[in-house]
Amino acid sequence: MIMDVRVEKAAKNELKPKPDEKSLGFGAFFTDHMFVMSYGNGSWNDPVIKKYQNFSLDPAAMVLHYGQAIFEGLKAYRGKDNQIYMFRPKDNLARMNKSAKRMCMPEIDVDEVFEALKTLIRLEQAWVPTQQGATLYIRPTMIATEAGLGVRPANQYLFFIIMCPVGAYYPEGFNPVKIFVTEKYVRAVPGGVGHVKTAGNYAASIMAAVEAQEAGYTQVLWLDAVKRKYIEEVGTMNIFFVIGDEIITPPISGSILPGITRDSVLRLTRDWGLNVMERRISIDEVFEASRNGSLREVFGTGTAAVISPVGSLNYKKEVCSVNGGETGSLAQRLFDEIQKIQYGHCQSPHDWVVKL
Ligand SMILES: *Cc1c(COP(=O)(O)O)cnc(C)c1O
């Protein structure tokens, strides 16, 4: 059964002017409408697409105190044919349900929410950018709204989807970044919530990112919390290494976010017959590979950047340069191929693409 989503369109004079596509940035402008539904008495109620607007929340709303908040991030892409495409959207909604389970929050019906999302995007299609590399970023979110200060699962929630046109991630080209390997901070612990997209993970990561940026680095590389030895992620991206003829990414251990871009890179490189493996890799192995000349590439993967090449790593005051600070050939090939798929410029493998 597909739920009955009420559509309350904003009046013409309430529509916002569209921002200049050259200065979109990330998450600065929001579209005219949003999708909202509320949870209470054991079910999701009153699904509606309405004007983008403020919420009214009780100051005791449980999300504000104990952080039951989860989110997703996905995109809509405008192809050369002017059609709108989405990349593995149901995988994002299914992952949101995994996050909901871990945070003792209610699950959503993936098919129904996907239908509502398509309705929302069609209504907002003029907001899907046309410039190369620019996209419409989609942020499904769920928060606990019940008023109360007991530490327990809330009984009331709000689910909403907001959307923002975002600029190309690489307006000046595909340039490798400088990474700081932190020994001081960890992102996630075994048994914790590192594998789910819950708000607190990002709050906890900000200090490390700020300190790295103050020292002149773009992002932090996270090591495991127990041994401070095995590589987990880079910033808010998964990470891959090319050492000799092996492509290596850390396994989904419970403290790593199971990225959809990560999974897509694994599937594509396997399709291409490359030697790719999910295994633990220590920071010492990476520096050793750099010293003996076998470290060929390092790159991050995530929806925002697709592929983010790493040019150098700083660990314990030692710097290892990767591929002379240049983008490697595998990073470039993956970036080009995944973008072609996402924008509908080629036939998608594995039924990844949905045309609106
Ligand atoms: C969202 C996210 C990723 C990347 O996931 P994608 O599905 O590829 O966008 C990786 N790590 C963290 C911590 C994340 O929040």
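Heads up: numbering here begins at 1 and tracks the sequence. Computed over heavy atoms, backbone and side chain alike; hydrogens, waters and symmetry mates excluded. Order of appearance sets the numbers: ligands from 1, and atoms from 1 within every ligand.
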Measure Met237 to ligand 1 on non-hydrogen atoms and call it side chain, backbone, both or neither using the 4.0 Å cut-off. backbone
Euclidean distance, Ser99 OG relative to His195 NE2, rounded to 0.5 Å: 8.0 Å
Is Ile260 close to ligand 1, meaning an N/O of one under 3.5 Å from an N/O of the other? yes
Taking the six-membered ring of Tyr85, is the NZ or CZ of Lys75 close enough (under 6.0 Å from the centre) and on axis enough (within 45°)? no
Distance from atom 14 (C) of ligand 1 to nearest protein heavy atom, with residue and atom: Lys197 NZ, 3.0 Å
Are any of the N or O atoms of Asn92 closer than 3.5 Å to those of ligand 1? no
Tell me whether Arg333 forms a cation-pi arrangement with Trp272, defined as NZ or CZ under 6.0 Å from the six-membered ring centre and within 45 degrees of its axis. yes
For atom 5 (O) of ligand 1, what is the closest protein heavy atom, and at what distance to 0.1 Å? Gly259 CA, 3.3 Å
Would you kindly say whether Trp352 and Asp91 are connected by a side-chain donor-acceptor distance under 3.5 Å? no
Indicate yes or no: does an N/O atom of Arg187 lie under 3.5 Å from an N/O atom of ligand 1? no
Does any N/O atom on Tyr202 come nearer than 3.5 Å to any N/O atom on ligand 1? yes
In the protein, which heavy atom is nearest to atom 11 (N) of ligand 1, and how far is it? Glu233 OE1, 2.5 Å
Should Arg291 and Glu318 be marked as a salt bridge (Lys or Arg N to Asp or Glu O under 4.0 Å) after you check the CA-CA gap, both sets of side-chain angles, and the distance that decides it? CA-CA 11 Å; Arg291 281 189 287 268; Glu318 195 185 336; 2.9 Å; yes
